[in-house]
Number of protein chains: 2
Amino acid sequence: MTASALDLAFQALADPTRRAMVERLGRGPASVSDLAEPFAISLPGVVQHLKILESAGLVRSEKAGRVRTCRLEPQVLGLAEQWINDRRHDWERRLDCLGDYLDTLGDPP
Amino acid sequence: MTASALDLAFQALADPTRRAMVERLGRGPASVSDLAEPFAISLPGVVQHLKILESAGLVRSEKAGRVRTCRLEPQVLGLAEQWINDRRHDWERRLDCLGDYLDTLGDPP
DNA sequence: CTGATACTTAAGTAAGAACTTAAGTAATGG
DNA sequence: CCATTACTTAAGTTCTTACTTAAGTATCAG
């Protein structure tokens with residue numbers, strides 16, 4: 001099953017380590033070692049998380065010399081935000097309609 | 001590892017079947033059978049998805065007679081949206097600072 | 001009462017996720 | 001050069017997830 005952009009984005013954000021990495025990258029670019037520093041896990045573990053973030057399109061990285069520099073890529077974050085926003089709007093619109101309906105009941109001709 | 005509210009929310013939203021269920025519930029309450037109808041999976045499969053949505057706090061359900069009615073619970077959706085929003089704001093603020101810095105370079109006294 | 005309907009419970013399986021350790025390679029600083 | 005530093009690759013383990021089928025238990029309609 002080829003996962004959609006939203007599948008990959010939400011899946012990537014579901015892990016606390018990966019969310020912390022995204023939080024770090026929100027404050028500016030970082031090397032792999034920088035990203036790894038706050039965590040108690042091995043470096044290959046961090047790199048695996050990074051790969052998941054990259055294949056979700058949330059992060060981009062490039063290597064210069066022996067240092068790989070990672071940066072946040074905000075578009076996909078926007079896509080996820082938009083999906084949630086749409087759901088909430090659906091829900092709010094429904095409450096409005098219900099309100100209108102209740103108004104008609106309490107407001108006879 | 002006890003998962004946080006955001007872990008549970010993003011994990012729940014990472015599955016396309018569950019997102020479709022949330023989309024459906026955004027348009028109004030539904031029974032378990034209603035929710036199951038669009039999908040090619042078994043009813044117990046649907047109920048398992050529903051449990052995940054409920055324990056993430058995204059959906060609430062109650063049983064009347066033999067029918068369980070499910071509704072969207074928008075607060076946790078708001079929590080997830082807020083987290084994403086915060087990351088984007090961090091990122092945008094950084095670009096602003098960079099812009100200011102570049103302005104000072106191009107604007108000598 | 002009886003047979004459908006609407007779930008519910010239990011148990012099993014196959015694939016995926018999140019690590020690990022061990023052993024690389026490839027730049028750099030001295 | 002040569003030892004660090006900064007990753008990279010490979011492979012193995014364990015836990016979780018997303019299903020499945022089979023066999024329940026309450027309702028409700030006639």
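Convention: sequence-line order gives letters A, B, ...; per-chain numbering from 1.
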#### Entry: Contacts of type salt bridge (charged side-chain N to carboxylate O under 4.0 Å, His left out), residue Arg60(A), not counting sequence neighbours
Glu62(A), Glu73(A)

#### Entry: Gap separating the CD atom of Gln48(B) from the OG1 atom of Thr17(B), nearest 0.5 angstrom
12.0 Å

### Query
Are Leu8(B) and Val76(B) co-members of a hydrophobic cluster defined by side-chain heavy atoms under 4.5 Å apart?
no

### Query
Does the side chain of Met21(A) reach to within under 4.5 Å of the side chain of Phe39(A), using non-hydrogen atoms?
yes

Side-chain donor-acceptor contacts of residues 49-58 of chain A below 3.5 Å, not counting sequence neighbours, with atom names and distances?
residue  : atom : partner  : partner atom : Å
His49(A) : ND1  : Arg18(A) : NH1          : 3.1
Glu54(A) : OE1  : Ser61(A) : OG           : 3.4
Glu54(A) : OE2  : Ser61(A) : OG           : 2.9
Ser55(A) : OG   : Lys51(A) : O            : 2.9
Ser55(A) : OG   : Ile52(A) : O            : 3.4

### Message
Taking the side chain as everything from C-beta on, heavy atoms only, tell me whether Asn85(B) gets closer than 4.5 Å to Glu81(A).
### Response
yes

### Task
Please report, rounded to the nearest Å, how far the C1' atom of dA6(C) is from the CG atom of Asp34(B).
11 Å

### Query
For Arg66(A), what residues pass the side chain to side chain contact (heavy atoms under 4.5 Å, CB included) criterion, not counting sequence neighbours?
none

### Message
Taking any atom closer than 4.0 angstrom to a non-hydrogen atom of chain B, what span of DNA chain D does the protein reach, first nucleotide to last?
### Response
dA18(D) to dC28(D)

### Query
Do Leu13(A) and Trp83(B) have side chains that get closer than 4.5 Å, going by heavy atoms?
yes

### Query
With a 4.5 Å heavy-atom cut-off, do Val32(A) and Thr69(A) have their side chains touching?
no

### Query
For DNA chain D, what residues of residues 38-67 of chain A have any heavy atom nearer than 4.0 Å?
Leu43(A), Pro44(A), Gln48(A), Lys63(A), Arg66(A), Val67(A)

### Any residue meeting side chain to side chain contact (heavy atoms under 4.5 Å, CB included) with Asp86(B), in chain and number order, not counting sequence neighbours
Gln82(B)

### Task
Kindly express the pairing pattern of DNA chain C in dot-bracket notation, using | wherever a base pairs with another strand and counting only Watson-Crick or G-U pairs under 3.5 Å.
||||||||||||||||||||||||||||||

### Task
Taking only heavy atoms on the protein side, list every residue of residues 20-31 of chain A lying under 4.0 Å from any atom of DNA chain C, sorted numerically.
none

### Message
Expected output is a numbered-order residue list: members of residues 4-16 of chain A with a heavy atom under 4.0 Å from any atom of DNA chain D. What is it?
### Response
none

### Query
How would you list all residue pairs meeting side chain to side chain donor-acceptor pair (under 3.5 Å) that involve residues 30-44 of chain A, not counting sequence neighbours?
Ser31(A)-Asp34(A)

### Message
List the residues meeting salt bridge (charged side-chain N to carboxylate O under 4.0 Å, His left out) with Asp7(B), not counting sequence neighbours, and say none if there are none.
### Response
Arg19(A)

### Query
Does Arg24(A) reach the side chain of Leu35(A), with side-chain heavy atoms less than 4.5 Å apart?
yes

## Note on the structure
By salt bridge (charged side-chain N to carboxylate O under 4.0 Å, His left out), Arg87(B) pairs with (sequence neighbours left out) Asp90(B)

#### Entry: Worked check of side chain to side chain contact (heavy atoms under 4.5 Å, CB included) between Val22(A) and Trp91(B)
CA-CA 10 Å; Val22(A) 168; Trp91(B) 187 83; over 6 Å; no

